[in-house]
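Residue numbers start at 1 and run along the sequence shown.
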Amino acid sequence: MKRLTEEEERERLFKMTEIERSCREKGFKCIAGVDEAGRGPLAGPVFAAAVILPENCFIPGLNDSKKLSEKKRKELFDIICEKAVSYCIADISHERIDEINILNATFEAMNKAVNGLDATPDYVLIDGNRIKGMDVAHETVVKGDAKSVSIAAASILAKVSRDRVMYDAAKKYPQYGFDKHKGYGTKAHCEAILKYGPCKIHRRTFLKKITGDKA
């Protein structure tokens, strides 16, 4: 991938502020971006983060977390936390996911993250195409983590935070390889579930196709 000059990087990031600039033109001043991490895995919590960045904030390399290396995400995590006006990282447990389903658990995590901000946003940009329970004025943005600096920042905080939890889980349950796949349904992970059975942090409702009624 071509390395951008500083001018090119500023231009790229300026394009990613188009949605935020449009919101400010409508009179909104405190804009939060929200994204989740961990909807698809077979184990562990789902995370969401909400981030309010100052206007004209320039963070080189900021992008959709899926487009970044793990090392780069970790570097940006600390920079985002340092530069943000406010941020909040929230998680919903695997037990709660099994209780209310992953979609509702994701909505719950997003609302929890927004409600946990120190500064109250007057507008919220949410990655995806659906949300429930959001009291603040908001809009959903499909592939927003690649279109909005605020959502991109949130995607990094959510992803890094969840990965840290899964690294801890790997120490407790080494037979499943959580440090490698972070709970996603890889072939090795599915084989480990069949060999050892589910562990405490597996989402039982996600395992039916693998284990049948034994989950």
Side-chain angles (χ1 to χ4, degrees), residues 1 34-50 63-78 80-81 88-113 116 126-132 142-146 151-215:
M1 186 174 174
V34 178
D35 200 4
E36 55 75 27
R39 279 183 63 169
L42 308 179
V46 62
F47 269 75
N63 209 335
D64 171 5
S65 64
K66 297 184 290 295
K67 296 179 180 179
L68 301 171
S69 68
E70 185 171 6
K71 179 182 177 183
K72 188 63 178 177
R73 286 195 297 266
K74 289 178 179 177
E75 290 173 1
L76 288 169
F77 182 97
D78 292 334
I80 292 164
C81 291
C88 180
I89 303 163
D91 67 283
I92 301 297
S93 71
H94 61 279
E95 295 102 333
R96 183 67 172 159
I97 291 169
D98 283 336
E99 181 185 344
I100 63 173
N101 77 46
I102 186 58
L103 183 60
N104 286 321
T106 300
F107 294 156
E108 197 167 280
M110 288 179 164
N111 280 291
K112 187 176 176 184
I126 304 152
D127 184 61
N129 61 2
R130 295 177 67 187
I131 188 63
K132 280 167 55 178
V142 175
K143 296 184 179 178
D145 43 9
I151 296 176
S155 77
I156 292 167
L157 296 198
K159 172 65 175 166
V160 172
S161 298
R162 187 179 189 280
D163 283 357
R164 287 173 177 171
V165 167
M166 298 313 293
Y167 278 122
D168 287 341
K171 296 173 186 174
K172 194 170 184 180
Y173 308 104
Q175 66 270 39
Y176 297 98
F178 289 135
D179 55 320
K180 296 180 178 66
H181 51 66
K182 312 303 187 296
Y184 283 88
T186 63
K187 181 181 178 184
H189 187 191
C190 293
E191 288 174 351
I193 293 168
L194 290 172
K195 182 175 181 180
Y196 302 106
C199 74
K200 184 179 177 183
I201 68 165
H202 276 106
R203 305 171 182 176
R204 295 304 196 270
T205 52
F206 279 50
L207 303 183
K208 291 178 182 176
K209 288 183 180 179
I210 301 170
T211 63
D213 294 332
K214 293 185 286 184

Smallest separation among heavy atoms of A109 and A90, with atom names: O-CB, 3.7 Å
Please give me the minimum heavy-atom distance between G185 and C190, naming the atom from each residue. O-SG, 3.9 Å
Could R164 and F77 be counted as a cation-pi pair, given that NZ or CZ must be under 6.0 Å from the ring centre and within 45° of the axis? yes
Check: I131 and V34 side chains under 4.5 Å, non-hydrogen atoms: no
On a heavy-atom basis, the closest approach of S93 and P45 is CA-CB, 4.2 Å
Side-chain heavy atoms of V165 within contact of D91, under 4.5 Å: no
R203 side chain vs E95 backbone, donor-acceptor pair below 3.5 Å: no
How far apart are the C-alpha atoms of K172 and D168, what are their side-chain angles, what is the distance that settles it, and do they pass the salt bridge (charged side-chain N to carboxylate O under 4.0 Å, His left out) test? CA-CA 7 Å; K172 194 170 184 180; D168 287 341; over 6 Å; no
Donor-acceptor under 3.5 Å (D35 side chain, A154 main chain): no
Would you check, one step at a time, whether the test salt bridge (charged side-chain N to carboxylate O under 4.0 Å, His left out) holds for E70 with R73? CA-CA 5 Å; E70 185 171 6; R73 286 195 297 266; 5.0 Å; no
Look at the side chain of K182 and the backbone N and O of D179, then say whether any donor-acceptor pair between them is shorter than 3.5 Å. yes
Quick one: are R39 and L103 in side-chain contact, heavy atoms under 4.5 Å? yes
For A43 and F178, which heavy atoms make the closest approach, and how far apart are they? CB-CE2, 3.8 Å
From the options I126, I102, T106, D145, select the one residue that forms a side-chain contact (heavy atoms from CB on, under 4.5 Å) with E36. T106
Taking T205's backbone N and O only, do any of them form a donor-acceptor pair with D98's side chain (distance below 3.5 Å, no angle check)? yes
Minimum-distance pair of heavy atoms, taken over all atoms of S65 and S155: N-OG, 3.2 Å
Using the six-membered ring wherever Trp is involved, compare the ring planes of Y196 and Y176 and label them parallel, tilted or perpendicular (cut-offs 30° and 60°). perpendicular
Without swapping roles, check the side chain of D127 against the backbone of I151 for a donor-acceptor pair under 3.5 Å. no
Under 3.5 Å, is there a donor-acceptor pair between the side chain of N111 and the main chain of K132? yes
Looking at every heavy atom in both V46 and I97, which two are closest together, and how far apart are they? N-CD1, 3.8 Å
